[in-house]
S.K.: 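Sending over a structure as structure tokens; questions will come in a sec.
We number each residue from 1, following the sequence as shown.
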Amino acid sequence: MNTIKSSGVDCFEDLNHLSQHLGEKICKEEGFCSTQLNPSYGEGLITATKLSSEISVFIFDIVLKQDLELLFKKAPLRSIDFIFCLEGSAYHKFNALGYEQINFRQNFIVSRNKKSSSTIKFGAHTPIKMTLISYKPDFNKIGSQDDLGLRKIAFRILSDAFLKEEDYRYSGRICFRTSKFVSDILKYSFNSSSDLLFKEAAIINTMASQIDRHDKGISGKHKDAPIRQFEIDQILATVNFISNNLSENLSVSRLQKISGLSSDKLQKGFKYLFNKSVNVYITEKRLEKAAQLIYETDFNVSELVYSVGFSSRSYFSKIFKRYFGVLPSQCVTNPQLINKVIAS
């Protein structure tokens, strides 16, 4: 594993330090600089951008040949880091504490004080597209009446909320809105005034969306759930997959692979959200889909069985009657019956 120490104060100095260890010759232009990875370490590009004296951005678009730790040492400034993996995942730790995973498209915010070190680790052979936006305020200017622009006011509020003496790490929910803005950060170049403005807007929008999702997350309706907020999102994404693929194999082992969650977390999530197990939820959705098909199509019972993922006609008829109170064959003969059954 490579471990590279950075100050976390000036992004250009940090990128130059990275380039000396991992990169080819550094390319520096007004407002940004970048370095290609040396082929012996991997492939891809790391870019550093200054939005202002207080806001800087690292963009990682890389695949490494071995694990890499970026250690941001104790610095004279407190900072808030907005981390977002558009592709792949990474890990974060404070000081000597253990690592916590930064998942794919998860909202991840870190606030560290002047005495803390902060480490981000990238795994080998994993494509990474990640932004690290750092806000390091000049406390001498915060609250100054000389500049009352909207951004200054917003960051004064942000500083009051996040920049406390203790370390703070928020690993929140999956945030698809943020992914759109991060995609824009990677998309726009530095070649024209319009691209520069679009890139700046995308950086500010990324920060705003992460803050907004954070504020909603800490006061959200799922804050007492037995699993974490972003895992609730993974459950909901799995529910969407189930709804669109009722005719397929929907075993718990397959849903584990699709969702990225363990069997235990899947069951806890379904119990919390729907008060039923995964298999009961799937069975009920299949029966409800069968009832919809009876009303909307001229399928016979055998066709219904195949269309909603059951393997046995007799079992389907048995649980259909248990659920709706009538046999599916009766409803196929008289489709209006299903409406009466559902209405009752």
Side-chain angles (χ1 to χ4, degrees), residues 63 67 84-92 98-108 121-130 171-176 179 217 220-293 299 301-324 328:
V63 182
D67 292 354
F84 196 84
C85 289
L86 187 67
E87 292 185 19
S89 61
Y91 297 85
H92 175 267
Y99 276 107
E100 180 164 350
Q101 187 167 6
I102 306 169
N103 292 287
F104 167 66
R105 300 194 177 187
Q106 180 187 15
N107 188 18
F108 206 92
K121 184 174 77 172
F122 301 105
H125 312 298
T126 302
I128 297 289
K129 292 184 187 292
M130 191 190 93
S171 50
R173 304 177 68 178
I174 292 171
C175 192
F176 294 104
S179 66
K221 62 182 180 179
H222 298 306
K223 63 181 180 179
D224 297 323
I227 58 177
R228 299 169 72 174
Q229 297 273 352
F230 75 90
E231 292 169 336
I232 292 288
D233 288 333
Q234 289 171 288
I235 294 287
L236 294 175
T238 304
V239 166
N240 185 61
F241 177 85
I242 290 170
S243 297
N244 293 325
N245 297 277
L246 288 170
S247 64
E248 297 186 11
N249 166 31
L250 295 174
S251 65
V252 171
S253 60
R254 186 186 180 198
L255 295 180
Q256 282 182 249
K257 295 177 182 178
I258 290 168
S259 67
L261 297 172
S262 67
S263 173
D264 181 58
K265 288 191 174 182
L266 274 174
Q267 297 293 359
K268 284 182 178 178
F270 273 79
K271 181 68 175 177
Y272 169 73
L273 290 171
F274 310 110
N275 198 32
K276 57 194 68 171
S277 70
V278 175
N279 286 333
V280 168
Y281 178 88
I282 292 169
T283 296
E284 291 183 358
K285 290 301 173 184
R286 282 174 164 162
L287 292 171
E288 290 166 7
K289 181 64 176 180
Q292 179 186 346
L293 290 174
F299 285 178
V301 175
S302 296
E303 289 171 319
L304 289 172
V305 170
Y306 173 79
S307 297
V308 297
F310 287 102
S311 57
S312 165
R313 174 171 172 157
S314 60
Y315 176 70
F316 169 69
S317 296
K318 177 182 176 181
I319 61 172
F320 189 97
K321 183 175 182 180
R322 183 189 302 161
Y323 192 71
F324 290 111

S.K.: Looking only at non-hydrogen atoms, find the nearest pair between Ser263 and Val252 and report the distance.
M.R.: OG-CG1, 3.7 Å
S.K.: Kindly compute the distance separating CZ (Phe104) from CZ (Phe84), expressed to the nearest 0.5 Å.
M.R.: 8.0 Å
S.K.: Indicate the atoms forming the closest heavy-atom contact of Phe324 with Leu287, along with that distance.
M.R.: CE1-O, 3.6 Å
S.K.: Without swapping roles, check the side chain of Glu248 against the backbone of Gly309 for a donor-acceptor pair under 3.5 Å.
M.R.: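 Pair absent, no side-chain N/O of Glu248 close to backbone of Gly309.
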S.K.: Output the distance between atom CD1 (Ile102) and atom NZ (Lys121), rounded to the nearest 0.5 Å.
M.R.: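 One finds 11.5 Å between CD1 of Ile102 and NZ of Lys121.
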S.K.: If you look at every heavy atom in Asn103 and Ser89, which pair is closest and at what distance?
M.R.: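 Smallest interatomic distance, heavy atoms only, reads CA-CB, 4.3 Å.
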S.K.: Do Leu86 and Arg105 make a side-chain contact, defined as non-hydrogen atoms from C-beta onward lying under 4.5 Å apart?
M.R.: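 Result yes, sub-4.5 Å side-chain heavy-atom pair found.
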S.K.: Examine distances only and state if a side-chain atom of Ser179 and a backbone atom of Phe176 form a donor-acceptor pair shorter than 3.5 Å.
M.R.: yes
S.K.: What distance do Ile282 atom CD1 and Leu255 atom CG have between them, rounded to the nearest 0.5 Å?
M.R.: 5.0 Å
S.K.: Does Lys321 have more than 12 heavy atoms from other residues, nucleotides or ligands lying within 6.0 Å of its NZ?
M.R.: no
S.K.: Looking only at heavy atoms, what is the nearest atom pair of Leu250 and Phe241, with distance?
M.R.: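 In this case the closest contact between Leu250 and Phe241 is CD2-CE2, 3.8 Å.
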S.K.: Using a 4.5 Å cut-off on heavy atoms from C-beta on, say whether the side chain of Leu273 contacts that of Val239.
M.R.: no
S.K.: Would Val278 and Thr238 count as a side chain to side chain contact (heavy atoms under 4.5 Å, CB included) here? Give the steps.
M.R.: CA-CA 10 Å; Val278 175; Thr238 304; over 6 Å; no
S.K.: Taking all non-hydrogen atoms of both residues into account, name the closest pair between Ser317 and Pro328 and its distance.
M.R.: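 Answer, listing the atom of Ser317 first, then Pro328: OG-CG, 3.7 Å.
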S.K.: Where does the angle between the aromatic ring planes of Phe310 and Phe316 fall among parallel (under 30°), tilted (30 to 60°) and perpendicular (over 60°)?
M.R.: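 Plane angle between 30° and 60°, so tilted.
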S.K.: Of the non-hydrogen atoms in Asn107 and Cys175, which two are nearest, and what is the gap between them?
M.R.: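 For Asn107 versus Cys175, the nearest heavy atoms are CB-CB, 4.5 Å.
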S.K.: Under 6.0 Å from the OH atom of Tyr306, do we count more than 12 heavy atoms belonging to anything else shown?
M.R.: no
S.K.: Within the 4.5 Å heavy-atom criterion, are Val280 and Phe270 side-chain neighbours or not?
M.R.: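 No, every pair of side-chain atoms sits at 4.5 Å or beyond.
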S.K.: Determine yes or no for a side-chain-to-main-chain donor-acceptor pair under 3.5 angstrom, with Glu87 supplying the side chain and Lys129 the backbone.
M.R.: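 Such a contact is absent between Glu87 side chain and Lys129 backbone.
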S.K.: Would you compute the distance between atom OG1 of Thr283 and atom OH of Tyr323 and round it to the nearest 0.5 angstrom?
M.R.: 10.0 Å
S.K.: Determine whether Leu293 and Glu303 make a side-chain contact, defined as any pair of heavy atoms from C-beta on separated by less than 4.5 Å.
M.R.: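 No - every pair of side-chain heavy atoms lies 4.5 Å or more apart.
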S.K.: Whether the side chain of Gln106 engages the backbone of Gly172 through a donor-acceptor N/O pair (distance < 3.5 Å, no angle test) should be reported.
M.R.: yes
S.K.: Does Ala124 offer a backbone N or O that forms a donor-acceptor pair with the side chain of Thr126 under 3.5 Å?
M.R.: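 Present.
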S.K.: Check step by step if salt bridge (Lys or Arg N to Asp or Glu O under 4.0 Å) holds for Lys268 and Glu231.
M.R.: CA-CA 10 Å; Lys268 284 182 178 178; Glu231 292 169 336; over 6 Å; no
S.K.: From Leu246 CG over to Glu288 CD, what is the distance, rounded to the nearest 0.5 angstrom?
M.R.: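 The distance works out to 9.5 Å.
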S.K.: Could you give the distance from CD (Gln234) to CD1 (Ile258), rounded to the nearest 0.5 Å?
M.R.: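 CD1 of Ile258 is found 12.5 Å from CD of Gln234.
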S.K.: Parallel, tilted or perpendicular: which fits the ring planes of Phe274 and Tyr281, with parallel below 30° and perpendicular above 60°?
M.R.: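 The rings of Phe274 and Tyr281 sit tilted, inter-plane angle from 30° to 60°.
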S.K.: Could you walk me through whether Phe108 and Ser171 satisfy the side chain to side chain contact (heavy atoms under 4.5 Å, CB included) test, starting with their C-alpha distance in whole Å, then the side-chain angles of each, then the deciding distance to 0.1 Å, before giving a yes or no?
M.R.: CA-CA 5 Å; Phe108 206 92; Ser171 50; 3.5 Å; yes
